[in-house]
Asks: 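For reference, the structure I am asking about is given below.
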Amino acid sequence: MDFTLSKEHEMARSLFREFAEKEVKPLAIEVDETEEFPKETVAKMAKAGFMGIPIPKEYGGQGCDVLTYAICVEELAKVCGTTAVIVSAHTSLCCDPILTYGTEEQKQKYLPDLASGKKIGAFGLTEPGAGTDAQGQQTKAVLEGDEWVLNGSKIFITNGKEADVYVIFAITGMIEKRGRMTKEISAFIVEKGTPGFTFGTKEKKMGIRGSSTYELIFTDCRIPKENMLGQQGKGFGIAMHTLDGGRIGIAAQALGIGEGALDRTIAYVQERKQFGRAIGAFQNTQFQLADMATKAQAAQYMVYKAACTKDQYTKDHKTSYNVEAAMAKLYAAEMAMEVTTKAVQLHGGYGYTREYEVERMMRDAKITEIYEGTSEVQRMVISANLLK
Ligand SMILES: Cc1cc2nc3c(=O)[nH]c(=O)nc-3n(C[C@H](O)[C@H](O)[C@H](O)COP(=O)(O)OP(=O)(O)OC[C@H]3O[C@@H](n4cnc5c(N)ncnc54)[C@H](O)[C@@H]3O)c2cc1C
């Protein structure tokens, strides 16, 4: 066991940190206020190779490990939760399933443009009636000749409208399972611009406001037969396996948000004076900081462990990482919520104003407990493993 990062990982971290400080931090307030997708920053991230970190070089990516990718998301989230989730949804939820389940043809067709950031990716599973119960979905795909015809809608899709490539789940029939008829779910790759594929409502959100969250609508949307991802009927497994990886990205986002809020709070309590002393001189402040730092450190180890376990899976295609990912996401998200809440408290009235960014971090932290499986879902995954 070795708790020190390799020289390569440290170098990658410095690169991500420098980019985050120089390119992302100065725009974070504006992105939150205007609720606009930071297109220019994404173009710069694409140029710097951030949109294809764990994609093998043969498909145009950086060929780095999952830990490097997690460190990138962490560093971005320290200054801007929005920018972090754009990278995370693109990489974990769109590139990864194409890499894992795509045919060689699909990988050649889609991955180079996604890895270079020329195209952005998204993942559409959730529906109005199917959130936690993802099997409750209604979107259908019917094979007509050489085309699948999609009808239905998806909600809350991160990178919606901005993305060019969407991994979409739909019902392709009914099958008998243990004497009961159940839905057969399959996965598809759908490109923006396909006739019959339009965008509905843009969500007005509490946090991660620059992240574009849209409804997707499919009305007799015809896609080529060869755009099915993986085997017919294996879609639910593909979605669940994809989310296991995605949870590492969200855990890294939560980790970064917590760490960013802690950094700002440490600086603030040393500056701000009351009763003739810095508020950092009060033992309550010190103990709060100690708890915040301890939890952030614990979260970091869990996130890195989950990333390394997924790296092992990439090598042997055997190692399971779903429990590590669930634990990392659960803990890091709850840490982010607790740490940002304490950060606002330690900033006093100023923490409640938009001038000090801890209020934004507190708003951004909340979503990490909800998307890519709520904290309750993570507890279900963890406890199911304990009781199996
Ligand atoms: C900003 C944002 C971005 C998102 N991005 C994407 C995306 O890119 N792609 C995508 O497909 N989806 C996305 N989602 C959807 C997200 O994953 C779901 O919102 C989430 O899984 C919860 O589903 P729900 O909102 O329908 O809540 P519900 O499933 O209705 O849950 C409501 C509450 O009930 C609890 N609950 C439900 N069932 C159980 C149970 N069996 N036991 C205990 N508690 C339970 C939940 O934990 C939660 O607390 C996004 C959502 C948001 C808000």
Side-chain angles (χ1 to χ4, degrees), residues 89 92-98 100-103 105-106 109-110 119-203 212-244 246 371-374 377:
S92 289
L93 300 186
C94 182
C95 300
D96 194 77
I98 295 177
T100 310
Y101 299 100
T103 59
E105 232 177 357
Q106 288 170 335
K109 182 171 177 192
Y110 293 105
K119 290 190 173 167
I120 297 175
F123 172 91
L125 175 69
T126 306
E127 295 187 10
T132 303
D133 180 13
Q135 257 163 336
Q137 61 188 279
Q138 301 291 334
T139 298
K140 288 190 175 57
V142 177
L143 189 63
E144 281 184 17
D146 281 345
E147 293 173 325
W148 285 100
V149 185
L150 269 65
N151 276 290
S153 68
K154 299 284 170 185
I155 46 157
F156 294 148
I157 307 309
T158 302
N159 290 347
K161 208 168 184 176
E162 298 293 337
D164 308 276
V165 180
Y166 296 76
V167 172
I168 299 294
F169 298 85
I171 305 161
T172 45
M174 297 296 287
I175 44 163
E176 207 189 299
K177 241 187 191 171
R178 289 182 220 107
R180 271 199 350 195
M181 294 308 281
T182 54
K183 287 172 186 166
E184 179 198 84
I185 296 169
S186 303
F188 299 92
I189 303 171
V190 187
E191 293 180 46
K192 181 159 81 175
T194 309
F197 175 19
T198 53
F199 301 96
T201 325
K202 179 182 180 184
E203 298 302 336
S212 137
T213 314
Y214 266 91
E215 180 186 11
L216 316 180
I217 302 166
F218 301 98
T219 318
D220 289 329
C221 171
R222 292 175 173 273
I223 57 168
K225 198 176 158 188
E226 57 271 18
N227 277 29
M228 178 175 273
L229 182 63
Q231 287 167 19
Q232 184 167 341
K234 299 285 184 202
F236 194 71
I238 294 175
M240 293 304 113
H241 189 255
T242 300
L243 287 171
D244 286 339
Y371 60 14
E372 300 203 23
T374 61
V377 167

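It should be emphasised that the depicted structure is a prediction, and the values quoted were computed from it without experimental measurement.
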Asks: Judged by atom type as modelled, is there a donor-acceptor pair below 3.5 Å linking the side chain of Glu215 to the main-chain atoms of Gly160?
Replies: no
Asks: Rounded at 0.5 Å granularity, tell me how far CD1 in Ile238 sits from OG1 in Thr100.
Replies: 9.5 Å
Asks: Return the NZ to NZ distance between Lys192 and Lys161, rounded to the nearest 0.5 Å.
Replies: 8.5 Å
Asks: Which distance, rounded to the nearest 0.5 Å, do you find between the CD1 of Ile175 and the OG1 of Thr182?
Replies: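 Rounded to the nearest 0.5 Å, the CD1-OG1 separation comes to 4.5 Å.
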Asks: What orientation do Tyr166 and Phe199 show, parallel under 30°, tilted 30 to 60°, or perpendicular over 60°?
Replies: tilted
Asks: Would you say the side chain of Ile189 lies within less than 4.5 Å of the side chain of Ile98, judging by non-hydrogen atoms?
Replies: yes
Asks: Take atom CG of Asp146 as the centre, draw a 6.0 Å sphere, and report whether it contains more than 12 heavy atoms from other residues, nucleotides or ligands.
Replies: no
Asks: Any chance you could measure Lys183, atom NZ, to Lys140, atom NZ, to the nearest 0.5 Å?
Replies: 7.0 Å
Asks: Gly136 and Ala130: which non-hydrogen atoms are nearest, and at how many Å?
Replies: C-CB, 3.5 Å
Asks: What residues form a side chain to side chain donor-acceptor pair (under 3.5 Å) with Tyr101, not counting sequence neighbours?
Replies: His241
Asks: In Å and rounded to the nearest 0.5 Å, what is the CG to OG1 distance from Leu150 to Thr194?
Replies: 9.5 Å
Asks: Any Lys/Arg nitrogen of Glu226 or Lys109 sitting under 4.0 Å from an Asp/Glu carboxylate oxygen of the other?
Replies: no
Asks: So how far is it from Leu125 CG to Ile155 CD1, rounded to the nearest 0.5 Å?
Replies: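 So the CG of Leu125 and the CD1 of Ile155 are separated by 11.0 Å.
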Asks: Is a donor on one side and an acceptor on the other found under 3.5 Å between the side chain of Glu162 and the backbone of Asn159?
Replies: no
Asks: Please check if the side chain of Glu147 supplies one atom and the backbone of Glu144 the other of a donor-acceptor pair under 3.5 Å.
Replies: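 No: the side chain of Glu147 does not pair with the backbone of Glu144.
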Asks: Name the residue from Asn227, Thr172, Val142 that meets the side chain to side chain contact (heavy atoms under 4.5 Å, CB included) definition with Trp148.
Replies: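 Between Trp148 and the candidates, side chain to side chain contact (heavy atoms under 4.5 Å, CB included) is satisfied uniquely by Thr172.
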Asks: Minimum heavy-atom separation for Gln135 to Ile185, with atom names?
Replies: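 Closest approach of Gln135 to Ile185: CG-CD1, 4.0 Å.
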Asks: Could you pull out the closest heavy-atom pair between Cys221 and Phe197, with the gap in Å?
Replies: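 Nearest pair, atom of Cys221 first, then Phe197: SG-CB, 3.9 Å.
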Asks: What pair of heavy atoms forms the shortest contact from Ile168 to Lys154, and how long is it?
Replies: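 Minimum heavy-atom contact is CG2-CE, 4.3 Å.
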Asks: So, Glu127 side chain and Thr139 main chain: donor-acceptor pair closer than 3.5 Å or not?
Replies: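 Yes: the side chain of Glu127 pairs with the backbone of Thr139.
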Asks: Taking it one step at a time, do Gln232 and Ser186 satisfy side-chain hydrogen bond (donor to acceptor under 3.5 Å, both in side chains)?
Replies: CA-CA 5 Å; Gln232 184 167 341; Ser186 303; 5.2 Å; no
Asks: Minimum heavy-atom separation for Ser92 to Gly246, with atom names?
Replies: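 So the two residues come closest at CB-CA, 3.5 Å.
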Asks: Do you know the tightest heavy-atom contact between Ala122 and Ile157?
Replies: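 Smallest interatomic distance, heavy atoms only, reads CB-CG2, 4.1 Å.
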Asks: Could you go through the side-chain contact (heavy atoms from CB on, under 4.5 Å) check for Leu93 and Thr158 one step at a time?
Replies: CA-CA 10 Å; Leu93 300 186; Thr158 302; 6.0 Å; no
Asks: Evaluate the ring-ring contact (aromatic ring centres under 6.0 Å, His included) criterion for residues Phe236 and Phe169: first the C-alpha distance (whole Å), next the side-chain angles of each, then the deciding distance (0.1 Å), finally the verdict.
Replies: CA-CA 8 Å; Phe236 194 71; Phe169 298 85; 8.6 Å; no
Asks: Mind checking whether Val190 and Phe218 have side chains closer than 4.5 Å, heavy atoms only?
Replies: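 Yes. Closest side-chain heavy atoms under 4.5 Å.
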Asks: Does a sphere of radius 6.0 Å around NZ in Lys225 hold more than 12 heavy atoms from other residues, nucleotides or ligands, not counting ones at 6.0 Å or beyond?
Replies: no
Asks: For residues Lys119 and Tyr110, determine if any side-chain heavy atom of one lies less than 4.5 Å from a side-chain heavy atom of the other.
Replies: no
